[in-house]
Student: 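My questions all concern the structure below.
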Amino acid sequence: MKPWKEVAASVLPEGFDIMDWSFPVHDAEAFARGRALCAENKCGSYGCSWGCPPGCDLTVEKVSKDYSRVGIVKKRYEVDFSDKAALDKLGDDLQTYVRNIVLALRKEGYKSMGFADGGCRYCGVCSYPEPCRYPEMLVPSISVLGLNLKEYMASNGEEFRFEDGVVTLYGFIMMRSLDILY
């Protein structure tokens, strides 16, 4: 079985950092705050995507029953924040990269699931509330887990910050080897 980082690097374009992070810990207060923010539906994905609440009801506790490691892929981009189409393309691309990593890891013998920013974009128009047409391709929003991302990132040596003209995108890959316990 190949190391996960080698598998990820084989399907990612150049320029991505690939890191191991600690598995997140459930924080009831952060979870409640996160779900309340999701329910405000400022992004427009709440209640209309299997990758966002209430369709996706994953929690750190549920995910930790199946996965024991977190792999992170990240890339920093210079962007024009007024160019919504370019920003959407970056989000689409990140979900595609995360999905490709997950599929490659599964082929290599890992149980894996990817998370990224925003509702799953695989189908273009989600079938929600009808059953998901492609559950093996689903990339939920990392927001469904209700993490305090600033604290979680800091606990893994990463600074959460906003910068003028720059965005750093993160993909989260939850995984567990099917033949080795980590």
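Values in this document were obtained by computation on a predicted structure and should not be read as measured data.
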Student: Kindly compute the distance separating CD (Glu159) from OG1 (Thr168), expressed to the nearest 0.5 Å.
Tutor: 10.5 Å

Student: Check whether any side-chain N or O of Asn156 sits under 3.5 Å from a backbone N or O of Glu158 as a donor-acceptor pair, and report yes or no.
Tutor: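 No, because the side chain of Asn156 does not come within donor-acceptor range (under 3.5 Å) of the backbone of Glu158.
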
Student: Under the ring-ring contact (aromatic ring centres under 6.0 Å, His included) definition, can you give me all pairs with a residue in residues 130-163, not counting sequence neighbours?
Tutor: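 Residue pairs with at least one partner in residues 130-163: Trp21-Tyr152, Tyr122-Tyr134, Phe160-Phe162.
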
Student: To the nearest 0.5 Å, how far apart are CH2 in Trp4 and CD1 in Ile173?
Tutor: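 It is 5.5 Å, given to the nearest 0.5 Å.
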
Student: Taking all non-hydrogen atoms of both residues, which atom of Ser127 and which atom of Cys132 are closest, and how far apart?
Tutor: OG-CA, 3.5 Å

Student: Between Asp92 and Leu90, does the side-chain contact (heavy atoms from CB on, under 4.5 Å) criterion hold? Intermediate values first, please.
Tutor: CA-CA 5 Å; Asp92 291 346; Leu90 289 177; over 6 Å; no

Student: Donor-acceptor pairs under 3.5 Å, side chain of residues 5-13 to any protein atom, not counting sequence neighbours: which ones?
Tutor:
{"residue": "Lys5", "atom": "NZ", "partner": "Asp20", "partner atom": "OD2", "Å": "3.4"}
{"residue": "Ser10", "atom": "OG", "partner": "Val7", "partner atom": "O", "Å": "2.6"}

Student: Do you know which two heavy atoms are closest between Gly118 and Cys52, and how far apart they sit?
Tutor: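 In terms of heavy atoms, the two residues are closest at C-SG, 4.3 Å.
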
Student: Examine distances only and state if a side-chain atom of Lys75 and a backbone atom of Glu14 form a donor-acceptor pair shorter than 3.5 Å.
Tutor: yes

Student: State which residues pass ring pair (Phe, Tyr, Trp, His ring centres under 6.0 Å) with Tyr67; sequence neighbours excluded, sorted by chain then number.
Tutor: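 Expected list: none.
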
Student: My understanding is that only residues two or more places apart in sequence, or in another chain, count here; which of them pass ring pair (Phe, Tyr, Trp, His ring centres under 6.0 Å) with Phe23?
Tutor: none

Student: Are Tyr110 and Phe172 connected into the same hydrophobic cluster when the rule is that any two of I, L, V, M, F, W, Y join if their side-chain heavy atoms are below 4.5 Å apart?
Tutor: no

Student: What distance separates Tyr170 OH from Met19 CE, expressed to the nearest 0.5 Å?
Tutor: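 Going from OH on Tyr170 over to CE on Met19, the span is 6.5 Å.
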
Student: Out of curiosity, does Val98 fall in the hydrophobic cluster containing Met175 (side-chain heavy atoms, cut-off under 4.5 Å, transitive links)?
Tutor: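 They do share one cluster, since a chain of ILVMFWY contacts under 4.5 Å joins Met175 to Val98.
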
Student: One pair to check against side-chain contact (heavy atoms from CB on, under 4.5 Å): Arg33 and Asn148. What are the steps and the verdict?
Tutor: CA-CA 9 Å; Arg33 245 189 344 266; Asn148 179 328; 3.8 Å; yes

Student: Using the rule that Ile, Leu, Val, Met, Phe, Trp and Tyr join whenever any side-chain heavy atoms are under 4.5 Å apart, tell me whether Leu94 and Ile18 fall into a single cluster.
Tutor: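 Per the 4.5 Å side-chain linkage, Leu94 and Ile18 are co-clustered.
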
Student: Under the side chain to side chain donor-acceptor pair (under 3.5 Å) test, which residues partner Glu108, sequence neighbours left out?
Tutor: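 Listed in chain order: nothing, the list is empty.
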
Student: Give the cluster check for Met113 versus Ile72: same hydrophobic cluster or not, with ILVMFWY residues linked at side-chain heavy-atom distances below 4.5 Å.
Tutor: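 Yes.
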
Student: Linking I/L/V/M/F/W/Y whenever their side-chain heavy atoms sit closer than 4.5 Å, directly or via other members, would Leu87 and Ile142 fall into one cluster?
Tutor: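 Unlinked, Leu87 and Ile142 end up in two clusters.
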
Student: Report the distance from atom CG of Asp83 to atom NZ of Lys89, rounding to the nearest 0.5 Å.
Tutor: 12.0 Å

Student: Can you name the residues that form a side chain to side chain donor-acceptor pair (under 3.5 Å) with Ser49, not counting sequence neighbours?
Tutor: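 In terms of side chain to side chain donor-acceptor pair (under 3.5 Å), with neighbours along the sequence ignored, Ser49 is linked to no residue.
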
Student: Which residues satisfy the side chain to side chain donor-acceptor pair (under 3.5 Å) test with Asn41, sequence neighbours excluded?
Tutor: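 Result, side chain to side chain donor-acceptor pair (under 3.5 Å) vs Asn41: none returned.
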
Student: Answer yes or no: is there a side-chain heavy-atom contact under 4.5 Å between Ser143 and Leu37?
Tutor: no

Student: Do any pairs count as a ring-ring contact (aromatic ring centres under 6.0 Å, His included) and have a residue in residues 68-106, sequence neighbours left out, and if so which ones?
Tutor: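 ring-ring contact (aromatic ring centres under 6.0 Å, His included) check on residues 68-106 returns Phe16-Tyr97.
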
Student: Check the pair Asp117 / Leu169 against side-chain contact (heavy atoms from CB on, under 4.5 Å), numbers first and verdict last.
Tutor: CA-CA 8 Å; Asp117 187 43; Leu169 297 180; 5.6 Å; no

Student: Restricting to non-hydrogen atoms, name the atom on Ala30 and the atom on Leu147 that form the minimum distance, rounded to 0.1 Å.
Tutor: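 Nearest heavy atoms, Ala30 then Leu147: CB-C, 4.4 Å.
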
Student: Between Asp66 and Lys111, is the closest basic N to carboxylate O distance under 4.0 Å?
Tutor: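 Yes, Lys111 and Asp66 are salt-bridged.
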
Student: Tell me if a side-chain donor or acceptor on Arg35 pairs with a main-chain N or O of Leu145 at a distance below 3.5 Å.
Tutor: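 It does not hold such a pair.
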
Student: If you look at every heavy atom in Val63 and Met174, which pair is closest and at what distance?
Tutor: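 Closest pair (atom of Val63, atom of Met174, distance): CG1-CG, 3.9 Å.
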
Student: Who are the side chain to side chain donor-acceptor pair (under 3.5 Å) partners of Ser112, not counting sequence neighbours?
Tutor: none

Student: Per the salt bridge (Lys or Arg N to Asp or Glu O under 4.0 Å) rule, what does the pair list look like for residues 125-138, sequence neighbours excluded?
Tutor: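 Sorted pair list comes back empty.
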
Student: Under the side-chain contact (heavy atoms from CB on, under 4.5 Å) criterion, do Thr96 and Arg99 qualify, and how do the steps go?
Tutor: CA-CA 5 Å; Thr96 298; Arg99 187 175 296 107; 4.1 Å; yes

Student: Would you check if the side chain of Gln95 reaches a backbone N or O of Leu138 as a donor-acceptor pair within less than 3.5 Å?
Tutor: no

Student: Take atom CD of Glu163 as the centre, draw a 6.0 Å sphere, and report whether it contains more than 12 heavy atoms from other residues, nucleotides or ligands.
Tutor: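 Yes, because the 6.0 Å sphere around CD of Glu163 holds more than 12 heavy atoms from other groups.
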
Student: How far does NZ of Lys2 sit from NZ of Lys107, to the nearest 0.5 angstrom?
Tutor: 10.0 Å

Student: Just to verify, what does Trp50 make a ring pair (Phe, Tyr, Trp, His ring centres under 6.0 Å) with, not counting sequence neighbours?
Tutor: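 Partners of Trp50 under the ring pair (Phe, Tyr, Trp, His ring centres under 6.0 Å) test: Tyr128.
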
Student: Can you name the nearest heavy-atom pair linking Asp88 to Arg121, along with the distance?
Tutor: O-NH1, 3.2 Å

Student: Between side-chain atoms of residues 54-61 and protein atoms elsewhere (two or more places apart, or another chain), which donor-acceptor pairs fall under 3.5 Å?
Tutor:
{"residue": "Asp57", "atom": "OD2", "partner": "Lys62", "partner atom": "NZ", "Å": "3.2"}
{"residue": "Thr59", "atom": "OG1", "partner": "Glu61", "partner atom": "N", "Å": "3.4"}
{"residue": "Thr59", "atom": "OG1", "partner": "Lys62", "partner atom": "N", "Å": "3.0"}

Student: Could you tell me which non-hydrogen atom of Pro53 sits nearest to which non-hydrogen atom of Val144, and how far apart they are?
Tutor: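 Smallest interatomic distance, heavy atoms only, reads CD-CG1, 3.5 Å.
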
